[in-house]
Amino acid sequence: MTSDPYLSVKALTKYIKKKFDADPHLRDVYVKGELSNVKIHTSGHIYFTLKDSSARLPAVMFAASARSVKFKPESGMTVLIRGDVTVYEASGQYQLYAQSMQPDGIGDYYLAFEQLKKKLSAEGFFNAAHKKQLPKFPEKIAVVTAPTGAAVRDIIITLNRRYPLAKVTIFPTLVQGEQATRSIVQSIQAANQSDFDVMIVGRGGGSIEDLWAFNEEAVARAIFDSHIPIISAVGHETDTTIADFVADLRAATPTAAAELAVPSRAELLDRVITQQRGMFRILSNMLQQEKTALHKLSTSMPLAYPDRLYRPFIERVERASDSLQREVLQHLNRSRERFANLDRQLASRIPLQRIRQAETETAGLQKRLEQSALQTVSNDKMKLSSAIRTLDALSPLKLMERGYTIPYKDGAVVKSIHQVEAGDRLTITMQDGIVEAAVINTIPTTEGEHSNG
């Protein structure tokens, strides 16, 4: 009977482990690489991945050795490690068991993270003044995350448990890989096209590479430009991304984000019950006070004898009624007198009488006008006669009747002998005609002044 040639997985793994342990090149090795996916256990053990641009190496540093590390290992750091390489039998994978660790600068991812963080901080992306307040009772909630996985399940379960009144809309989004950045930005912008009250953006935990899309500048700017308040929920509590700094509120986990987004139904019910009890006590006290006051009023003297309450008012009403009646009569009498006066005044101002009076006045004025016109015409006639007599007295014809003549030379009146010379022809106007004559000689009236023609 031949033996079974097949080995068990355990036996094969033990064999491989012995080969690793027997290789002197795998003991006390010195390795340089970038830390990734660092997890510090509560026991003090440090689990991480050591990587470079081409390969990854799982590693662990037990608490006894970790106590000698003077800094806190974080993803993105480049470190120098001394340790052993062997096989971890439970998982069947080889890993590095670190004995010592020293920092050796910062990895590419971490450096890029710090540079973008510094840039956005200078632009005010992290200022509290830009943080929007979350509504106390949101009605519509947008969730930007992967459509499958623990993160979206935790968010939905928590929202339904705490506040089932809210309507939750999932925007399926790539949260890891080369297309993740563009997908996250598009989902945030799509959510902003609707009237959501609050938005949760995030994913479950992972290495710094897995979470890197939430450290991209495009995602940070999409969160900053959102008019909807955003809660970031990326990774675990120890994971911090640029999206966490820009968001209006940062949650340690997706579940915590759901708890921050909505109030607790149980807490609201407790608050309502407490307020109901308080209102009941207040109303009970008020009711008791009103009952006491009513009892005092019902047993008081005025209510015991109600007729005494309204008796004075009856008397006041009667006096007011009599006074009102007198005032009405007086008002009527005054009105009648005023109407009578108006009627008399109206009678004195009848249009016919005024017309007759106007006609009399018009006739008198017309008579005065005629007398004035006649007097004016008579005066004008007298003035005209006087002017005619004066004009007639000054007329040249009157002078001619007494033997005077008027000589003309070339149509101009000759007033002096100096205007003519011997031989000039003159026209002499007389009373009864015209004489044409020639100048023979001029003799001045003063001696020595004469000329010969």
Side-chain angles (χ1 to χ4, degrees), residues 1-104 107-110 146 148-154 174-178 180 203-212 235-239 253-255:
M1 185 176 181
T2 60
S3 60
D4 187 1
Y6 295 96
L7 296 175
S8 65
V9 175
K10 179 178 179 181
L12 180 59
T13 304
K14 281 184 174 292
Y15 176 80
I16 296 174
K17 184 178 185 305
K18 289 180 179 179
K19 287 291 185 180
F20 271 73
D21 293 339
D23 190 342
H25 297 289
L26 298 178
R27 292 195 300 271
D28 200 24
V29 297
Y30 293 82
V31 185
K32 176 181 178 180
E34 180 181 341
L35 294 178
S36 176
N37 203 21
V38 177
K39 297 179 181 178
I40 302 177
H41 197 269
T42 55
S43 62
H45 303 329
I46 303 174
Y47 300 93
F48 58 95
T49 300
L50 195 65
K51 65 173 186 175
D52 57 19
S53 59
S54 302
R56 296 170 176 265
L57 176 61
V60 62
M61 191 174 198
F62 293 123
S65 301
R67 282 192 288 269
S68 64
V69 178
K70 303 301 182 183
F71 64 97
K72 181 181 179 181
E74 294 180 350
S75 296
M77 290 184 175
T78 301
V79 294
L80 303 175
I81 294 178
R82 182 180 64 83
D84 302 324
V85 179
T86 185
V87 176
Y88 179 56
E89 294 182 46
S91 62
Q93 66 178 7
Y94 76 96
Q95 62 184 21
L96 174 65
Y97 290 83
Q99 301 297 325
S100 66
M101 181 186 299
Q102 297 178 1
D104 185 43
D108 294 338
Y109 281 110
Y110 189 77
T148 59
V152 68
R153 289 197 304 271
D154 293 344
L174 295 175
V175 295
Q176 182 175 334
E178 295 181 358
R203 56 155 291 164
S207 65
I208 189 172
E209 295 89 345
D210 297 336
L211 307 180
W212 191 251
H236 300 300
E237 185 173 0
T238 56
D239 297 320
T253 62
T255 301

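Keep in mind that what you see is a predicted model, and the values were worked out from it rather than measured.
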Check your understanding: How far does CE of Met77 sit from CD of Gln102, to the nearest 0.5 angstrom?
Key -> 13.5 Å

Point to revise | Test side-chain hydrogen bond (donor to acceptor under 3.5 Å, both in side chains) applied to Ser53 - qualifying residues, sequence neighbours left out | key: none

Practice item. Under the side chain to side chain contact (heavy atoms under 4.5 Å, CB included) rule, collect the residues that match up with Arg153, sequence neighbours excluded. Key: Ala150

Point to revise | Summary of ring pair (Phe, Tyr, Trp, His ring centres under 6.0 Å) pairs that have at least one residue in residues 43-64, sequence neighbours excluded | key: His45-Phe62, Phe62-Tyr97

Exercise for review: For Arg82, enumerate each residue passing the side-chain hydrogen bond (donor to acceptor under 3.5 Å, both in side chains) test, keeping only those at least two apart in sequence or located in another chain.
Suggested key: Asp28

Check your understanding: Does His236 have any side-chain hydrogen bond (donor to acceptor under 3.5 Å, both in side chains) partners at least two apart in sequence or in another chain, and if so, which?
Key -> none

Review point. Sequence neighbours excluded, which residues qualify as side chain to side chain contact (heavy atoms under 4.5 Å, CB included) partners of Ser75?
Key: Val38, Ile208

**Study point:** Between CD on residue Gln176 and CG on residue Leu211, distance to nearest 0.5 Å
**Key:** 8.0 Å

**Study point:** Residues which pass side chain to side chain contact (heavy atoms under 4.5 Å, CB included) with Ser207, listed by chain and number, not counting sequence neighbours
**Key:** Ser36, Asn37, Glu209, Asp210

Practice item. State which residues pass side chain to side chain contact (heavy atoms under 4.5 Å, CB included) with Thr42; sequence neighbours excluded, sorted by chain then number. Key: none

Point to revise | Gap separating the CG atom of Leu96 from the CG atom of Leu50, nearest 0.5 angstrom | key: 6.5 Å

Give every donor-acceptor pair under 3.5 Å between a side-chain atom in residues 5-20 and any protein atom, sequence neighbours left out.
from	atom 1	to	atom 2	distance (Å)
Ser8	OG	Ala11	N	3.0
Thr13	OG1	Val9	O	2.7
Lys17	NZ	Asp21	OD2	3.0

